[in-house]
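Worksheet: one structure, shown below.
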There are 2 protein chains.
Amino acid sequence: MVDEMSPVPFYVQLADALAKQIESGKLKPRQPLPSESTLQQEYGVARGTVRAAVRLLRERGLVVTFTGRGTFVAER
Amino acid sequence: MVDEMSPVPFYVQLADALAKQIESGKLKPRQPLPSESTLQQEYGVARGTVRAAVRLLRERGLVVTFTGRGTFVAER
DNA sequence: GCGGATTTGTACGTATGTATG
DNA sequence: GCATACATACGTACAAATCCG
């Protein structure tokens, strides 16, 4: 989940956790991330928080998002 | 439709309205509820709102849903 | 069996309101 | 005031299952 005690915002914590999985190869290029609702449950946060995290990953170029399909690990 | 002025969320209002029809016998066991698109139009809400209402009814055990067929009043 | 229409399932985009620190 | 976080509610798009001519 997420560290309530940390000063780091939830959405940044979540983005970092996902980035780590991508960089470690746990999530490979072209693979879909878990859906927003799945991440919501897994990390115990609201959808808006999940969306903020994914937005960060998009801005870092780590993922690409397609409406109605999902968010995928970017190809490098 | 739905009461815009009420503090009660639309999807809860809609779930309550449908629950009332079930409990009053207006909708009988094994009978299908109106489709999501019908409820959408009848109550003037978005599909996501209809689905949230039906989800509540499912959680209460009042209805059962089958993909591609519809949602039916539970037998009791 | 096929193709189109219907219905539910999933997923994202966006906006607004409330609450908290 | 501002950022964070959650909940509600609108919309669009596409997939999956079913139904029917």
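Below, chain A is the first sequence line, B the second, and so on; all start at residue 1.
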Got a donor-acceptor contact below 3.5 angstrom from the [X] side chain to the [Y] backbone?
X       : Y       : value
A:Thr38 : A:Pro34 : no
A:Thr49 : A:Val45 : no
A:Lys28 : A:Gly25 : yes

Measure the distance from [atom1] on [X] to [atom2] on [N] and round it to the nearest whole Å.
X       : N      : atom1 : atom2 : result
B:Gln40 : D:dT12 : CD    : P     : 10 Å
A:Leu39 : D:dC6  : CG    : P     : 13 Å
A:Leu56 : D:dA3  : CG    : P     : 14 Å
B:Gln41 : D:dC10 : CD    : C1'   : 16 Å

(request) Treat primed atoms plus P, OP1 and OP2 as sugar-phosphate and everything else as base, then score nucleotides 9-19 of chain C 5' to 3': B for base contact with protein heavy atoms under 4.0 Å, S for sugar-phosphate contact only, - for none. (result) BBBBBB-----

(message) Could you measure the distance from the NZ atom of B:Lys26 to the CD atom of B:Gln31? Nearest 0.5 Å is fine.
(response) 11.5 Å

(request) For B:Val54, answer base if it contacts any base atom (sugar-phosphate contacts may also be present), sugar-phosphate if it contacts only those atoms, and nothing otherwise; contact means non-hydrogen atoms under 4.0 Å. (result) nothing

(request) Using a 4.5 Å cut-off on heavy atoms from C-beta on, say whether the side chain of A:Leu14 contacts that of A:Val50. (result) yes

(message) We want to know whether B:Thr65 and B:Arg58 form a side-chain donor-acceptor pair, criterion being a heavy-atom distance below 3.5 angstrom.
(response) yes

(request) Considering just the side-chain nitrogens and oxygens of B:Tyr11, establish if one lies under 4.0 Å of OP1 or OP2 belonging to D:dA9. (result) no

